[in-house]
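Worksheet for the structure shown next.
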Amino acid sequence: MIYNDFKGKKLSLLGFGAMRLPLLADGSGEVDEELVKEMVRYAMEHGVNYYDTAYPYHNAKSEIIIGMALKQFPRESYYLATKYPGHQISESYYPEEIFEEQLKKCGVTYFDFYLLHNVYENSIGTYTDSKWGIVDYFVKQKQLGRIKHLGFSCHGMQNILEDFLNQYGDIMEFCQIQVNYLDWTLQDAKAKYELLASRKIPVWVMEPVRGGKLANLDEESKKRLEKFRPDASAASWAFRWIQGLTDVKMILSGMSDMEQVRDNVHTFEALNLLTKEEESVLLEIAEGMKNSVPCTACRYCCGDCPKGLDIPKLLSLYNEMRFSPSFNVGMTIDSMEHGSRPSACIGCGRCAKVCPQKIDIPEAMREFSGMLEKIPHWEEMCRQREEMARKVREESGC
């Protein structure tokens with residue numbers, strides 16, 4: 001197993017993510033707890049010592065399940081991470097109540113790593129509002145030893161990440177962002193990674209295989225890669241690409257079956273970085289996956305837009321949505337004023353007339369609006385999760 005040193009702790013570079021745990025075959029949607037225990041046992045026996053969960057995962061049951069799975073092992077033999085759900089829409093936020101509940105659900109007296117969950121456009125105001133005192137509360141828990149290391153995750157755009165770092169970068173010890181060889185350019189993960197590196201904040205990686213999409217490539221792409229490494233899985237290519245980023249200290253994988261655990265453990269047995277030629281081919285494959293409109297962000301279109309839309313930003317989000325309908329895109333759009341959303345486009349066509357790339361921008365905005373209408377509204381989803389969490393609290397006695 002590859003390990004990194006983090007403030008005196010020996011962390012396995014591969015982390016076990018508990019957002020996509022295996023489900024029972026009966027179609028109930030419930031987690032297969034016995035299989036989770038088996039997967040965790042295998043991971044521990046092969047050197048994986050970092051386990052990541054969060055308050056809302058698996059309808060608020062992930063913390064309970066991963067806590068029970070880790071009960072098989074001495075507390076000092078693993079590092080447990082969870083997150084405060086300040087990203088969820090709520091009328092009020094009480095970090096003490098949630099934190100005490102999480103300790104009980106996981107069956108521990110402290111968390112090795114604790115994150116503010118998803119600092120993004122709609123949640124940054126919650127996390128920075130002195131009325132709730134969220135950051136101050138968790139800094140205090142760290143002082144008391146109930147949190148060993150404090151950090152945050154971020155799905156927001158780069159300006160949000162930078163704003164949060166400007167306020168709290170001196171007390172945040174690590175940051176978890178979405179990094180993979182597709183989002184390096186599709187979501188501009190490269191800029192976020194470089195920003196964190198410039199602030200000397202270690203990077204934790206989530207979605208290294210893009211929710212499984214990079215583990216299931218088309219046949220042509222598979223054949224291109226097999227010429228270099230015939231026995232390597234598609235997922236291993238994604239992991240090895242990230243291993244080449246020197247400021248990454250943790251790569252989380254949401255493993256859903258035993259075969260994924262075995263394959264990931266094999267990939268992380270020893271450092272086996274990609275060659276320059278292999279990296280080039282992988283990024284070519286990423287470009288071919290995008291199916292994106294060729295916006296270069298020249299911003300010629302913006303000066304002629306009577307609604308003042310940030311068209312390059314909207315087209316960037318549109319490209320991401322075209323690749324994979326995403327709650328992350330929905331969250332970003334929800335954070336915008338209605339007059340700044342794609343639905344505000346009046347279809348006048350002035351933008352298209354001056355676009356050097358000849359993009360039919362009004363048509364793109366119409367299609368984008370239609371796609372957004374088909375995904376569940378983020379605020380409603382948060383309310384549903386909060387109701388589920390309440391039921392779990394009642395059932396578990398927390």
Side-chain angles (χ1 to χ4, degrees), residues 89 118 120-125 154-163 177-178 180-192 194-195 207 210-211 213 218 221 283-381:
I89 307 300
N118 191 9
Y120 80 109
E121 285 77 358
N122 263 358
S123 67
I124 188 170
C154 180
H155 280 291
M157 301 189 80
Q158 185 185 357
N159 64 306
I160 296 299
L161 177 59
E162 188 164 13
D163 287 348
I177 59 173
Q178 183 166 321
N180 53 66
Y181 65 83
L182 174 68
D183 287 319
W184 194 242
T185 52
L186 184 60
Q187 284 195 5
D188 203 8
K190 180 176 185 288
K192 298 173 189 176
E194 290 176 346
L195 173 62
E207 300 291 354
R210 237 323 178 116
K213 291 188 179 296
D218 61 79
S221 297
L283 293 177
E284 285 177 12
I285 289 173
E287 288 302 312
M289 294 172 69
K290 289 180 182 178
N291 185 31
S292 59
V293 295
C295 176
T296 62
C298 68
R299 305 193 69 84
Y300 290 171
C301 54
C302 296
D304 285 297
C305 179
K307 303 298 289 185
L309 297 177
D310 187 341
I311 295 171
K313 177 180 179 179
L314 292 175
L315 288 178
S316 175
L317 292 168
Y318 170 60
N319 279 336
E320 184 178 347
M321 183 65 90
R322 286 180 67 175
F323 174 75
S324 176
S326 168
F327 284 124
N328 293 337
V329 175
M331 287 189 296
T332 301
I333 296 296
D334 275 350
S335 72
M336 297 178 178
E337 298 291 336
H338 284 277
S340 300
R341 300 179 184 184
S343 57
C345 174
I346 60 175
C348 67
R350 294 181 186 178
C351 51
K353 291 179 181 179
V354 298
C355 176
Q357 307 302 320
K358 308 302 181 185
I359 301 169
D360 187 346
I361 298 171
E363 177 58 29
M365 293 299 104
R366 281 192 290 271
E367 184 178 345
F368 193 10
S369 296
M371 295 167 75
L372 288 166
E373 289 173 0
K374 295 177 182 179
I375 65 173
H377 195 275
W378 174 247
E379 292 188 8
E380 178 58 29
M381 186 175 70

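Position 1 is the first residue of the sequence, and the numbers go up from there.
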- Message: Looking at N180 and E207, would you say the former's side chain and the latter's main chain have a donor-acceptor pair under 3.5 Å?
- Response: yes
Taking the side chain as everything from C-beta on, heavy atoms only, tell me whether [X] gets closer than 4.5 Å to [Y].
X    : Y    : value
D218 : I285 : no
R341 : L314 : no
V329 : F368 : yes
E121 : M336 : no
C295 : I311 : no
L182 : Q187 : no
V293 : Q357 : no
P312 : R299 : yes

Closest heavy-atom contact between [X] and [Y]?
X    : Y    : answer
P342 : S369 : C-OG, 3.4 Å
L309 : G339 : CD2-O, 3.3 Å
A352 : I359 : CB-O, 3.6 Å
H338 : A344 : O-CB, 3.7 Å

From [X] [atom1] over to [Y] [atom2], what is the distance, rounded to the nearest 0.5 angstrom?
X    : Y    : atom1 : atom2 : answer
M157 : L317 : CE    : CG    : 5.0 Å
T185 : K190 : OG1   : NZ    : 10.5 Å
N319 : M321 : CG    : CE    : 11.5 Å
H155 : T332 : NE2   : OG1   : 10.0 Å
S343 : R366 : OG    : CZ    : 13.0 Å
D334 : N122 : CG    : CG    : 6.5 Å

- Step by step, would you call L186 with R210 a side chain to side chain contact (heavy atoms under 4.5 Å, CB included)? CA-CA 12 Å; L186 184 60; R210 237 323 178 116; 3.7 Å; yes
